[in-house]
There are 2 protein chains.
Amino acid sequence: MSTPGRGLHGQVLDTLGPEITAGEYPPGSVLRTDELAQRFDVSRSVMREAVRVLESMHLVESRRRVGVTVRPRSEWNVYDPQVIRWRLAGADRPHQLRSLTVLRSAVEPVAAGLAARNATAEQCKELTECALGMVAHSRGHQLEGYLFHDIAFHRVILNASGNEMFARLGDVVAEVLTGRTQHDVMFEDPDPAAVTLHVKLAEAVRERDAARAEELTREIAVGALQELDILAP
Amino acid sequence: MSTPGRGLHGQVLDTLGPEITAGEYPPGSVLRTDELAQRFDVSRSVMREAVRVLESMHLVESRRRVGVTVRPRSEWNVYDPQVIRWRLAGADRPHQLRSLTVLRSAVEPVAAGLAARNATAEQCKELTECALGMVAHSRGHQLEGYLFHDIAFHRVILNASGNEMFARLGDVVAEVLTGRTQHDVMFEDPDPAAVTLHVKLAEAVRERDAARAEELTREIAVGALQELDILAP
DNA sequence: GGGAACAAAAAGTCAGACTTATTTGTCACA
DNA sequence: TGTGACAAATAAGTCTGACTTTTTGTTCCC
């Protein structure tokens with residue numbers, strides 16, 4: 001997934017990024033470029049490039065005569081897919097999954113409503129195929145196949161919304177769904193009710209029923225929130 | 001605003017970033033590090049750091065023997081505050097404002113509902129103060145003062161939601177509100193109805209009425225969408 | 001025509017010297 | 001005692017040049 005080992009600086013980031021996002025260096029900690037370069041056995045130029053990337057993610061701040069200081073979590077670019085991946089791979093994975101699921105619950109219903117208005121015929125077809133795929137893999141421990149179609153389904157919805165901000169959350173949703181299947185919940189087959197809701201949603205989009213599409217997605221979201229014990233009483 | 005001129009590579013980005021996000025180099029265009037370094041009159045090391053940052057934003061991809069190729073817009077990290085700022089400063093500013101306003105309309109109602117549950121006493125107080133500030137500056141062309149309190153208001157809501165993903169949209173909302181005041185709409189005093197809604201929203205949060213807070217925010221969002229002629233029939 | 005060897009191109013890497021901003025400490029002076 | 005200016009130390013920032021590596025495109029031979 002993504003782009004592994006695109007150069008030495010990338011390899012450095014693969015270990016330094018997760019360390020920082022895991023909170024291994026508390027906010028305010030100071031790193032020295034030279035020391036880091038030694039530790040990773042790379043030249044200063046390579047290390048500097050890595051630091052620049054971390055800086056652009058607002059994970060650290062580099063200042064003369066001071067060093068590279070770790071920023072407080074509240075300033076991190078938490079929408080950066082790379083940061084999301086690092087955090088999902090670390091200790092606060094549960095916390096991250098919750099945050100993202102709440103975000104999904106806000107965004108996806110609106111996106112579905114827009115999709116019902118804007119989806120092309122091609123997208124409607126894809127949506128139906130995805131839903132059928134989910135049905136086909138909903139029984140008998142075919143979790144990988146189910147996941148695949150689930151991700152594709154939500155990606156089509158987000159893309160069909162016609163809003164680029166929504167569309168770019170496709171990767172985030174994919175990470176959340178993958179994470180959910182791989183680790184936390186879902187030991188057994190997916191909830192049949194959820195499968196039905198997806199089928200109905202595909203239908204609603206096909207029939208241009210925006211209000212119904214939005215409402216159905218809200219129900220799907222409630223299910224996802226409940227799975228993580230995020231109550232909305 | 002933000003952090004201007006943090007080193008030579010930053011200055012390069014200040015002009016190269018906007019150029020790319022403005023679509024000046026169409027997707028697939030190839031840039032050469034050496035040429036860029038010459039053009040900006042900086043060393044290759046500095047230029048490389050700049051390219052690394054653009055790469056981490058998924059604006060470009062750097063490959064050996066090929067050069068630095070511009071990626072299609074659909075792959076850009078459009079949630080990166082820097083990218084947002086660049087795009088807002090460029091030609092597709094209207095398009096960007098629409099996308100972001102739709103995003104707001106999805107996120108803020110849910111955030112407000114959560115804020116009604118999770119806001120601290122301190123946050124409730126701040127919210128009320130902001131609302132009062134908006135009222136106080138709502139007449140007589142005090143747009144700057146109104147804007148200031150409007151931004152603060154929405155920032156408090158997003159922070160009080162307790163969800164870090166929502167909280168980090170504070171900057172985005174600030175950019176949108178600022179952009180709206182500075183350029184496009186709002187020649188005259190703000191809509192009195194909007195001001196009233198904000199006051200009521202502060203009240204709803206104070207009274208822990210999540211459903212009402214959510215609904216009021218939805219009404220505010222509808223107003224924002226209408227201002228940009230984004231109809232939701 | 002297809003495949004292997006070769007050449008060219010551009011990014012990637014490294015090492016070292018030098019510059020500059022910022023902090024911190026010191027010392028003199030009020 | 002406090003305050004200001006000045007000096008030293010420090011770590012990032014910058015530049016240069018040489019070298020390596022990967023990828024692409026070409027050419028040549030079968």
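In what follows, chains carry the letters A, B, and so on, assigned in the order in which the sequence lines appear, proteins first and then strands, with residues in each chain numbered from 1.
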- prompt: Does B:Arg6 pair with B:Asp14 as a salt bridge, N-O distance under 4.0 Å?
  reply: yes
task: Using whole Å, report how far CZ of A:Arg48 lies from P of D:dC15.
output: 11 Å
- prompt: How close or far is atom C1' of C:dA21 from atom CZ of B:Arg6, stated in whole angstroms?
  reply: 17 Å
message: Closest-nucleotide mapping onto DNA chain C: is B:Leu31 or B:Ser45 further toward the 5' terminus? I mean the 5' end.
response: B:Leu31
task: Write down the distance between CG (A:Asp41) and P (C:dG12), rounded to a whole number of angstrom.
output: 19 Å
field: Any N/O donor-acceptor pair, A:Arg44 side-chain to D:dT14 base, under 3.5 Å
entry: yes
Rounded distance (Å) that lies between atom P of D:dA11 and atom CG of A:Leu36: 13 Å
query: Does a donor on one side chain sit under 3.5 Å from an acceptor on the other, for B:His149 and B:His154?
result: no
- request: Could you tell me whether B:Asp150 and B:Arg155 have a side-chain N and a carboxylate O separated by less than 4.0 Å?
  value: no
message: Should the side chain of A:Arg65 and the base of D:dA9 be counted as holding a donor-acceptor pair, with the cut-off at 3.5 Å?
response: yes
message: Nearest whole Å is fine: how far is C:dT19 P from B:Leu8 CG?
response: 15 Å
message: For the residue pair B:Ser45 / A:Ser45, report whether a side-chain donor-acceptor contact shorter than 3.5 Å exists.
response: no
- prompt: Quick one: is C:dA11 close enough that its OP1 or OP2 comes under 4.0 Å of any side-chain N or O from B:Ser62?
  reply: no
task: Could you please name the option among D:dT14, D:dT24, C:dT13 that lies closest to any side-chain atom of B:Glu49?
output: D:dT14
query: Which of these nucleotides, D:dA12, D:dC15, C:dT23, is closest to any side-chain atom of A:Asp34?
result: D:dA12
message: Can you say whether a donor on the side chain of B:Arg64 sits under 3.5 Å from an acceptor on the base of D:dT22, or the other way round?
response: no
task: Specify whether B:Tyr79 and A:Tyr79 have parallel, tilted or perpendicular ring planes, treating 30° as the upper limit for parallel and 60° as the lower limit for perpendicular.
output: parallel
- prompt: To the nearest angstrom, how far is B:Gln38 atom CD from D:dT16 atom C1'?
  reply: 14 Å
message: Heavy atoms from C-beta onward define the side chain here; which of D:dT16, C:dC14, C:dA11 lies closest to that of A:Ser43?
response: C:dC14
- prompt: B:Arg63 side chain N/O closer than 4.0 Å to the phosphate oxygens (OP1, OP2) of D:dT24?
  reply: yes
task: May I have the distance from A:Glu55 (atom CD) to D:dG13 (atom C1'), rounded to whole angstrom?
output: 12 Å
message: Between B:Val42 and A:Gly67, which residue's closest nucleotide on DNA chain D lies nearer the 5′ terminus?
response: A:Gly67
